Structure formats: structure tokens, C-alpha cells
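Read the structure below first, then the notes.
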Amino acid sequence: MTGPEKLLDPTGLDDRAADNTLAPRPAGLRGLTVGLLDNTKPNAVPLLREIGGELRRRAGAGRSILYTKDYFGMPAADDLLKQIAGECDVVVTAVGDCGSCSAATVADGILLERLGVPAVSIVSDSFLVSGGAMARVQGFPGYEFVAARHPVASLDENQIRDRAQAVMPEVLRILGVES
């Protein structure tokens, strides 16, 4: 028998909802550890790995660590977020390509920011409204996230590479570093 499931408070009125400041941005990414948070949606891992590689090539980032959350439709568990915050300098989380996963991906980025880690959330452009709604619910209406062209889940390797290339300027801008 399973226990009760944790629910996301849709009002955003928990004790964290009043914090809408970004984590301090690094001066650059050279040698920094990049967390890649997979939300378990198809093609999230290939997209994240491609972005991790681009952050190394373009900005000199150090190693990447891949993390996988339990379920795409909910924010990552607090213990996983704390682990990521303790092991990484910046984080990229992806991919929101449906309503609930887009909202949860944006929530993950906001929660990491509140733990002091610069984060970039990537959703597909078809679900910008869901991502924006979650930012407002979390008390962070100005939270910026990246929109990749929809779809993502059905792409082949070359198309994933193209999507990663297309979002890199925004990923770097949100992290506060030049390419």
C-alpha cells in the first residue's frame, strides 16, 4: 500500500512563495559544475546532454551531473533539490512539453534559485502559458525561462542537436554569461 501523495499547492502561498530574487549569477562558467535535471519526458536527457556539451564548448563549463526527478508532473523532491544545490554551481532543467510538466519544470527552476543556484528551465513554446502561470503561482511572475520550439519528444538526434543550438543564447543569457 502506498502512502498519501504530495500535492503542489496551486495558490503558491507556502513560506517560499514570497521570494522572487534570482540566485547570484557567476561571472563565467569556466570550470563550474553544471547540473542537468531530467524530468523523465522523452528526449529530455539527450537535450540536456547536448546543452551540457555546449556549455563546456562555448563557456568552458566543467563537468555535468545528470539528475532525474521522480515524476514529470510535480516539482522535484526537496531532498533532490538540496542535493543538486550542494553539488552544482548552475542547473538546467528540461523539458516541459506538456502542461503539467512545463509548470513543474518552471517550479524546479524557481526552487533551485531559492536555494541559491542559478537555474534555467526549458519548456516548449506551446506551453509558455503553463510555465508563466506556475511562475505567478510560485510568487515569481518575472521568472524567465527558455522556450524551445515544439515538439521535443518526437525528435531525432540531429533535431535535438538543432533545438539545443537554438536555445543556447537564451540559456547563456539567463545564466548571466557571455557565449
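The first residue of the sequence shown is numbered 1, and numbering continues consecutively from there. None of these values were measured; they are calculated from a predicted model.
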Quiz prompt | Evaluation steps, side chain to side chain contact (heavy atoms under 4.5 Å, CB included), between K69 and L37 | solution = CA-CA 7 Å; K69 65 192 238 177; L37 180 55; 4.2 Å; yes
Self-check item: Step-by-step side chain to side chain contact (heavy atoms under 4.5 Å, CB included) determination, V137 to M134
Solution: CA-CA 5 Å; V137 162; M134 179 53 76; 4.3 Å; yes
Show the atom names and distances, to 0.1 Å, of all donor-acceptor pairs under 3.5 Å that link a side chain in residues 43-50 to residues at least two apart or in another chain.
unit_1 : atom_1 : unit_2 : atom_2 : d
N43    : ND2    : V152   : O      : 2.8
N43    : ND2    : A153   : O      : 3.0
N43    : ND2    : L155   : O      : 3.0

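In D162, the CG atom is crowded: over 12 heavy atoms of neighbouring residues, nucleotides or ligands sit closer than 6.0 Å. The neighbour count for R149 CZ, taken as heavy atoms of other residues, nucleotides or ligands under 6.0 Å away, does not exceed 12. Heavy atoms from other residues, nucleotides or ligands lying under 6.0 Å from CZ of R30 number 12 at most.
Rounding to the nearest 0.5 Å gives a distance of 4.0 Å between CG of L80 and CD1 of I84. Expressed to the nearest 0.5 Å, how far CG of D78 lies from CG of L115 amounts to 8.0 Å. One distance of note links CD of Q138 with CD of E113; it measures 12.5 Å at 0.5 Å rounding. The distance from atom CD1 of I122 to atom CG of D97, rounded to the nearest 0.5 Å, is 12.0 Å. With rounding to the nearest 0.5 Å, the separation of SG in C88 from CZ in R63 is 7.5 Å. Between atom CG of residue N39 and atom OH of residue Y71 there is a gap of 10.5 Å, rounded to the nearest 0.5 Å.
You'll find the side chain of F140 reaches within 4.5 Å of the side chain of L22, heavy atoms only. Side-chain contact between S64 and R56: present, with at least one pair of heavy atoms (C-beta onward) separated by less than 4.5 Å. Using a 4.5 Å heavy-atom threshold, the side chains of V90 and P26 count as touching.
One hydrophobic cluster holds both L55 and L66 under the rule that ILVMFWY side chains link at heavy-atom gaps under 4.5 Å. By the criterion of side-chain heavy atoms lying less than 4.5 angstrom apart, applied directly or through intervening Ile, Leu, Val, Met, Phe, Trp or Tyr residues, V120 is not grouped with F127; the two fall into different hydrophobic clusters.
The minimum heavy-atom distance linking P75 with L111 is given by the pair CB-CD1, 3.9 Å. Across all their heavy atoms, C98 and C101 have their closest contact at SG-SG, 2.7 Å. Residues A59 and L172 come closest through the heavy atom pair CB-CD2, 4.3 Å. The two atoms that bring P141 and R136 nearest to each other are CB-CG, 3.7 Å, heavy atoms only. Of all the heavy atoms in G109 and A119, the pair that sits closest is O-CB, 3.7 Å. Of all heavy-atom pairs between S100 and G73, the closest is OG-CA, 4.0 Å.
A donor-acceptor pair is defined here as one N or O able to donate and one able to accept, closer than 3.5 Å; no such pair exists between the side chain of T105 and the backbone of S121. Between the side chain of R25 and the backbone N or O of I174 there is at least one donor-acceptor pair closer than 3.5 Å.
Under 3.5 Å, the side chains of Y67 and E87 contain a donor-acceptor pair of N or O atoms. Between the side chains of T68 and D38, a donor-acceptor pair is found at a separation under 3.5 Å.
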